[in-house]
Amino acid sequence: MYNANPSVTSYLYYRNMTDFDLQTLLNYAPVGILIYADSGFMSYSSGVYSGCPTFATSYSHINHAVMLIGYDASGNWIIKNQWS
């Protein structure tokens with residue numbers, strides 16, 4: 001595994017976190033998360049993405065990793081994606 005910061009030697013793995021849990025973690029650092037990136041997400045370019053599938057659909061089809069970096073005043077998650 002590539003490690004850009006040699007002082008970081010471990011990571012933690014969490015499952016089934018609540019929104020509050022994620023917001024608490026974001027006070028310390030960005031959080032890597034896994035999502036289901038369907039065709040609507042793949043063509044997304046800006047603004048608030050509203051095409052999220054249900055949890056049952058997305059959980060069983062996880063296919064993409066993104067970085068959760070924050071949330072806005074409305075509670076929308078702000079993610080950083082490696083795609084343009």
Open item on the list: With ring-ring contact (aromatic ring centres under 6.0 Å, His included) as the rule and sequence neighbours excluded, what pairs involving residues 18-37 come up?
Closed with: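 Non-adjacent pairs meeting ring-ring contact (aromatic ring centres under 6.0 Å, His included): Tyr36-His61.
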Open item on the list: If hydrophobic clusters are built by linking Ile, Leu, Val, Met, Phe, Trp and Tyr wherever their side-chain heavy atoms come under 4.5 Å apart, do Ile79 and Ile69 end up in the same one?
Closed with: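 No; Ile69 is not reachable from Ile79 via cluster members.
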- [ ] Indicate, with yes or no, if Met67 and Tyr71 share a hydrophobic cluster defined by side-chain heavy-atom contacts under 4.5 Å among Ile, Leu, Val, Met, Phe, Trp and Tyr.
- [x] no
TODO: Answer yes or no: is there a side-chain heavy-atom contact under 4.5 Å between Phe41 and Asn81?
DONE: yes
Open item on the list: Between Met17 and Val31, is there a side-chain heavy-atom distance shorter than 4.5 Å?
Closed with: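 Val31 vs Met17: side chains apart.
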Task: Which atom of Gly51 lies closest to which atom of Asp38, heavy atoms considered - done: O-OD2, 3.9 Å
Task: Residue of the set Ile33, Ile35, Leu26 for which side-chain contact (heavy atoms from CB on, under 4.5 Å) holds with Trp77 - done: Leu26
Task: Steps toward side-chain hydrogen bond (donor to acceptor under 3.5 Å, both in side chains) verdict (Thr18, Asp21) - done: CA-CA 5 Å; Thr18 66; Asp21 295 335; 3.1 Å; yes
Open item on the list: Restricting to side chain to side chain donor-acceptor pair (under 3.5 Å), what partner residues turn up for Asp72, sequence neighbours left out?
Closed with: Asn76
